[in-house]
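Numbers for residues simply follow the sequence, beginning at 1. Because only heavy atoms are used, hydrogens play no part in the values below, and waters and symmetry mates are left out as well, while side chains stay in.
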Amino acid sequence: MTAGVREQPRGADSPRPRPGTRLRLVGWLTAVAVVAGVGYRLWLLVNAAPPTNSDEATMGLAALHIARGEGFPVWFYGQQYMGTLEAYLAAPVFALAGGPSLLGLRLPTLALYLLFLLLSWRLTLRLTGDRWFGLLVVALLALGSDRVVKNQLIAGGGYPEMNAAGVALAILAVDLAAGRAGWRLARWASWGFLAGLMLWVDPLVLPYVVTTGAVLVGFCRRELWGAAGALLGAAAVLGAAPLLLHSLLNGRNPLHAVLAASGANATAGWADRLHGGLLLGPSLGMGFCAPGQCDTWQLWWALALPLLLALGAATAWRALRRPTTEAGPTSPADAASPADLASPAGPALPAGPASLVDPADAGHPVLVVPRVAAAIRLALVLAAVVTLGAYTVSSSAGLTPVESSRYLSCLLISLPALLWPVWTVARRGPRPSATGRRGLGRTLARPVALALLAATLGTAAQATWRSAQTAPATRAAEAQHTELVSTLRQLGVRQVRAGYWTCNRLTFATAEQVVCAVVDDALRPGFDRYPAYRREVDGASAPAWVAPAGSPLANALDERQRANPGALDLVTIDGWRIYLPR
């Protein structure tokens with residue numbers, strides 16, 4: 001009997017819990033959390049939420065061109081960085097559906113979210129062997145604030161696929177570093193291909209590529225000198241082939257474009273950078289804020305995050321450095337308990353070359369290789385630190401902290417490593433000191449850990465609720481845009497001029513039946529991501545003008561109409577103004 005736990009008397013007829021009952025319970029609860037997370041996002045998609053924009057429509061137009069065989073773009077139109085993987089994923093959907101749609105564009109991103117959720121659960125079990133902790137991680141990732149669901153569902157380039165790829169890299173690193181038998185060359189090739197692919201898609205995930213790669217070098221350096229290393233390198237080149245070929249053929253360095261996009265050419269004060277990067281950014285980017293803003297009380301997460309990073313790094317490092325014996329655990333009773341992992345010295349487990357048993361197999365023990373698990377946890381924490389630091393020193397953190405907080409979306413990959421030390425204390429409490437006594441700090445540790453986990457879940461749930469409340473307004477705005485498209489078709493309009501945030505969205509919604517050229521608020525030519533549209537509009541005899549009601553562009557066109565009353569006919573619909581040249 002465990003010390004300090006009194007066994008309750010059991011009558012002769014009292015039923016005993018059947019073996020595996022708790023495993024089945026946590027399995028069902030985890031499945032419910034997965035279904036809830038996917039169902040919530042599917043409900044958002046049906047309601048056209050989160051709201052789309054011209055940047056997402058640009059990716060949709062690239063997918064349309066791929067589906068038609070009219071072009072195979074390497075980069076997001078109008079720039080020399082951010083690969084078009086989302087367009088290639090959506091192109092088959094458009095081809096099967098017989099045309100483009102916002103739902104068709106976002107179905108692949110929903111699938112990527114599901115993949116991220118399942119892989120995060122699998123990674124959590126690989127690192128901890130604790131299914132209840134896996135349920136906590138899945139429940140948190142099933143929630144979705146405004147910023148989080150935008151990153152996960154909007155096909156604007158890079159964000160939906162980065163998290164799934166980052167978690168997959170970590171899982172592959174765990175299996176390879178732990179010496180898991182079978183399909184090793186395939187795993188090496190998969191790791192290399194994903195690393196190269198992410199180099200093309202978006203470099204924001206590179207900290208996770210580098211840190212998990214360092215784990216592989218540390219544990220598998222001998223294997224890397226052979227066929228495994230050659231295969232990894234070849235697969236990485238294959239994954240990054242679009243970037244490499246384009247750079248070689250055009251003599252351009254995509255790093256320069258990435259630095260320019262991050263705000264390297266702009267200026268922002270350090271006070272603004274620190275405020276946006278360390279206070280607003282983490283709370284917004286990790287899903288603890290209301291749409292478009294952070295209430296003061298919601299910023300508590302930004303204060304807790306440095307402590308979680310430090311605690312996660314310290315416990316992982318101590319577990320990694322702890323001397324171990326040669327024998328590996330052979331049963332769940334021999335595996336690390338949460339109380340052991342909460343110990344300052346780390347888990348008293350061996351780090352020998354034990355085989356990993358699939359954690360999805362509920363009837364078998366999960367054999368945790370402690371040093372590998374600790375190394376991966378440390379890698380995830382260090383990657384989070386690098387991500388946060390790189391964002392903070394960029395001018396984007398100071399100039400546009402609300403919108404640019406999307407650059408911190410990869411921090412969700414590190415969630416299991418950040419919360420594991422807190423979970424271990426909350427579930428079992430800290431181990432007593434060598435004298436067997438518990439000081440005030442040890443006595444308060446468990447209540448504080450429980451409060452932190454409850455606050456994390458509660459704040460994320462409140463932000464999710466606030467985000468869900470915006471869906472009706474988004475659906476109404478999408479209905480207005482649908483009416484705009486219908487009206488233009490009825491009027492026979494084929495070429496228009498409009499603002500940046502109207503143009504490509506309108507062109508995508510009409511499957512290029514209406515072509516748009518960008519103008520600024522002073523009616524001058526603006527930034528066209530796809531120059532062919534401007535050439536067509538400039539060649540038209542009398543293109544129309546389209547502007548949101550009450551916008552500066554609409555005011556400028558109204559002023560032109562007042563100055564020359566006979567030049568334009570005005571057609572108004574809910575939310576929009578259409579100006580037709582006579």
Side-chain angles (χ1 to χ4, degrees), residues 136-137 139-141 143-152 159 162-163 166 204 207-208 262-263 268-316 377 380-423 425-426 448-467:
L136 173 67
V137 171
L140 278 170
L141 296 179
L143 298 172
S145 70
D146 174 70
R147 181 69 269 166
V148 166
V149 295
K150 284 179 178 177
N151 293 339
Q152 293 171 345
Y159 300 98
M162 281 192 301
N163 284 4
L204 289 176
Y208 292 86
S262 69
W270 277 106
D272 292 333
R273 295 187 194 196
L274 293 174
H275 180 265
L278 299 180
L279 193 62
L280 281 178
S283 299
L284 279 165
M286 296 190 73
F288 297 97
C289 290
Q293 64 177 8
C294 263
D295 297 332
T296 302
W297 71 271
Q298 293 171 323
L299 297 176
W300 74 269
W301 175 259
L303 303 178
L305 181 58
L307 300 177
L308 293 176
L309 290 169
L311 183 60
T315 55
R377 295 204 318 270
L380 296 179
V381 171
L382 292 179
V385 171
V386 172
T387 299
L388 192 60
Y391 174 64
T392 302
V393 300
S394 72
S395 292
S396 297
L399 297 174
T400 57
V402 174
E403 183 58 31
S404 65
S405 62
R406 66 186 186 274
Y407 298 151
L408 298 177
S409 65
C410 287
L411 292 181
L412 292 178
I413 300 172
S414 300
L415 200 61
L418 295 177
L419 294 182
W420 174 242
V422 181
W423 170 264
V425 174
V448 170
L450 287 170
L452 179 59
L453 293 177
T456 300
L457 276 169
T459 307
Q462 195 269 351
T464 300
W465 174 249
R466 292 281 298 276
S467 178

Student check: side-chain heavy atoms of [X] and [Y] closer than 4.5 Å:
X      : Y      : result
Cys410 : Asn163 : yes
Tyr159 : Leu204 : yes
Trp301 : Leu308 : yes
Leu411 : Thr387 : yes
Leu305 : Leu418 : yes

With sequence neighbours excluded, give me every salt bridge (Lys or Arg N to Asp or Glu O under 4.0 Å) pair touching [range].
range            : result
residues 395-413 : Arg147-Glu403, Glu403-Arg406
residues 450-462 : none
residues 383-397 : none

>> The criterion is side-chain hydrogen bond (donor to acceptor under 3.5 Å, both in side chains); which residues satisfy it with Arg466, sequence neighbours excluded?
In response: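 Result, side-chain hydrogen bond (donor to acceptor under 3.5 Å, both in side chains) vs Arg466: none returned.
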>> Which residues pass the side-chain hydrogen bond (donor to acceptor under 3.5 Å, both in side chains) test with Ser404, not counting sequence neighbours?
In response: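 Residues passing side-chain hydrogen bond (donor to acceptor under 3.5 Å, both in side chains) with Ser404: Tyr391.
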>> Apply side chain to side chain contact (heavy atoms under 4.5 Å, CB included) to residues His275 and Trp270 and explain how you reach the verdict.
In response: CA-CA 8 Å; His275 180 265; Trp270 277 106; over 6 Å; no
Test of understanding: with side chain to side chain contact (heavy atoms under 4.5 Å, CB included), list the residues that count as partners of [X], not counting sequence neighbours.
X      : result
Ala383 : Pro207, Tyr208, Thr211
Leu307 : none
Ala313 : Leu378, Val381

List the atom pairs, with distances to 0.1 Å, where a side-chain N or O of residues 283-295 and a protein N or O form a donor-acceptor pair under 3.5 Å, not counting sequence neighbours.
none

>> Please evaluate residues Leu280 and Leu299 with respect to the criterion side chain to side chain contact (heavy atoms under 4.5 Å, CB included), reporting the C-alpha separation (whole Å), side-chain torsions for both, the decisive distance (0.1 Å), and the verdict.
In response: CA-CA 7 Å; Leu280 281 178; Leu299 297 176; 4.0 Å; yes
Between [X] and [Y], which heavy-atom pair has the shortest distance, and what is it?
X      : Y      : value
Leu408 : Pro282 : CD1-N, 3.6 Å
Thr464 : Ser145 : OG1-N, 3.9 Å
Ser405 : Val402 : OG-O, 2.8 Å
Pro401 : Gly398 : CD-O, 4.0 Å

>> I'd like to know if the side chain of Arg273 reaches the main chain of Val393, judged simply by a donor and an acceptor atom lying under 3.5 Å from each other, with no hydrogens or angles considered.
In response: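 Judged by distance alone, yes, a pair lies under 3.5 Å.
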> How many angstroms lie between atom CG of Asn151 and atom CG of Asp146, to the nearest 0.5 angstrom?
Replying inline: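 Those atoms lie 9.5 Å apart.
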> CG/Leu412 to CD/Gln152 distance, rounded to the nearest 0.5 angstrom?
Replying inline: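 Rounded to the nearest 0.5 Å, the CG-CD separation comes to 7.0 Å.
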>> Before you tell me yes or no, could you show the steps for Leu141 and Leu415 under side chain to side chain contact (heavy atoms under 4.5 Å, CB included), namely the whole-Å CA-CA distance, both residues' side-chain angles and the distance that decides it to 0.1 Å?
In response: CA-CA 9 Å; Leu141 296 179; Leu415 200 61; 3.9 Å; yes
Side-chain donor-acceptor distances from residues 451-459 under 3.5 Å, at least two apart:
from	atom 1	to	atom 2	distance (Å)
Thr456	OG1	Leu452	O	2.8
Thr459	OG1	Trp300	NE1	3.0
Thr459	OG1	Ala455	O	2.7

> Would Val149 and Ser467 satisfy side chain to side chain contact (heavy atoms under 4.5 Å, CB included), going step by step from the backbone distance to the final call?
Replying inline: CA-CA 9 Å; Val149 295; Ser467 178; 4.2 Å; yes
